[in-house]
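Since this is a predicted model, take the numbers as computed values, not measurements. Computation of the quantities below employed the complete heavy-atom set of this structure, encompassing side-chain atoms and omitting hydrogens, waters and symmetry-equivalent molecules. Just so you know, ligand 1 is whichever comes first in the structure, and atom 1 is the first atom listed for that ligand.
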Amino acid sequence: MPPARTTTVSPSASSSRSGARFAAVDLGASSGRVMTGTVGPSSVDLREVHRFPNRPVRLGGTLHWDVLALYRGVLDGLREAGPVASVGVDSWGVDYGLLDADGVLLGNPVHYRDDRTEGMADRLAESLPPQELYATTGLQYLPFNTVYQLTAARDSAQLAAAQQLLLVPDLMSYWLTGVRGTELTNASTTQLIDPRTRDWSRTVAEAAGVRLSLFPPLRLPGDPAGELLPEVLDETGLEGHVPVTAVGSHDTASAVAAVPAVTKGFAYIATGTWSLAGLELTRPVLTEASRQANFTNELGVDGTVRYLRNIMGLWLLQECMRSWESEGRPQELAALLREAGSCAPLRSVVDAGDPAFLPPGRMPQRIDDACRRSGQPVPDGPAEATRCVLDSLALAHRLALEDAQRLADTEIEVVHVVGGGVHNELLCQLTADACGLPVVAGPAEAAALGNVAVQARAHGVIGDDAGLVRRLLYDTLPLRRYEPSADHGSPQAWSRAAAAVRAGS
Ligand SMILES: C[C@H](O)[C@H](O)[C@@H](O)C(=O)CO
């Protein structure tokens, strides 16, 4: 089992108890951002200083992330950021890079949407039944969980040559500092962590044939993660000792840390390429019913558990837009959403939790096929297809929160929508209508804000208390409240549609 971790953080040049500026590197599936957050005891000012595309590359039949291009974006962003008290890195989950004995990357990380993991869950089930796997790790079944990726790569020359494995944000952090570590919230997306001990599961690792020695020591959000190397200071024009601080390096963990909830009964939906809908709990739910409902127990900041379910998210719309563009009929998003808003409500819906929608390509046709298979009218054109996507997402949000409430035996009073989907007013209103609950939308840049907040707490700029951070965000951010209405379908219509999706799934 990897050695225990240590924790000390000292204030640096560009921070004082009255305020400080932090850089948040936030890498998403479709784009990367470097933001600066200036935090004072009663203020947070977040600014985007650099945004860059994240364009996967298919090579030799395998879909890869272009991590050097992402790292280039990080360096350019840090140069734009200027002097900061600290840097924190977060990104999407599950994916990793392998280092050889010299600490050199053995190859571009594989994209979680690559189909190499097909059948790997069945292969692992031969040595560890899914019930036992869930009872130990509490992770929802997703074909791309890291344990399945490592099962797929089991006999590869690359894995044989690998001396260490770094999850994507830890890889970026390593290139910035030369220091290796495994941040816990993102480690929890590997399906190799036991959420009860918040440590590696030797049982699962042995069953999957995974060398736990591949993983550098675990570290927690707020822990020191080294300081920028001299060559990085040269590249970025930064000076002196610039620490890198571990944050909730799984972007969803940072997003949840920035949910501006000031009441107990809150649920959240982190929206963007994915919708992550769920609750923040103090301990995992590892029941068979939870496994059957495919809920996950990813680990959060401050010893919490992120009890949620993955939903295909705005990936469905992103892929439709990409298809229409490639067919020579590009759509302007704002106009498309206006038109979709006046389409007939709940005319056709698909199961936005269906893994069949995971791979890229031909999304409008695949949605049409799903409607045809379920005997529903096929959307006629981009506006109706968009309405179908948004109605389906709102329904999937409802189903996930209904299940979370039941399985965690808790009462939801308000739904906080954070992330890129905050800009999609129609989706926020439809979610309120589908759930029959008020939606509080904002912040859009939740992952970057949660990243900055953890750094500010670690550097003593704001109180080391999650509740204080949430209150500060609630009091200072422009939030929008959506009350449930019948404008987009009666409560009965939403219940019928929910029952139909449940029956179909
Ligand atoms: C693989 C997905 O990226 C992951 O499940 C999700 O939680 C995420 O990281 C969203 O950015």
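- Two rings, from Tyr71 and Trp65, have their centers 6.0 Å or more apart.
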request  = Mind running salt bridge (charged side-chain N to carboxylate O under 4.0 Å, His left out) on Glu413 and Lys264 for me, showing each step along the way?
outcome  = CA-CA 8 Å; Glu413 293 156 12; Lys264 277 267 160 284; over 6 Å; no
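- Between Phe357 and Trp315, the ring center distance fails the sub-6.0 Å criterion.
- Protein residues with a heavy atom closer than 4.0 Å to ligand 1 are Trp92, Gly93, Val94, Tyr112, Phe144, His250, Asp251, Thr252, Trp274, Leu276, Asn310, listed by chain and number.
- In this view, Asp90 satisfies the salt bridge (charged side-chain N to carboxylate O under 4.0 Å, His left out) rule with no residue, not counting sequence neighbours.
- Residues meeting the ring-ring contact (aromatic ring centres under 6.0 Å, His included) test with Tyr482, sequence neighbours left out: none.
- Note on residues 285-307: pairs passing ring-ring contact (aromatic ring centres under 6.0 Å, His included), not counting sequence neighbours, are Phe295-Tyr307.
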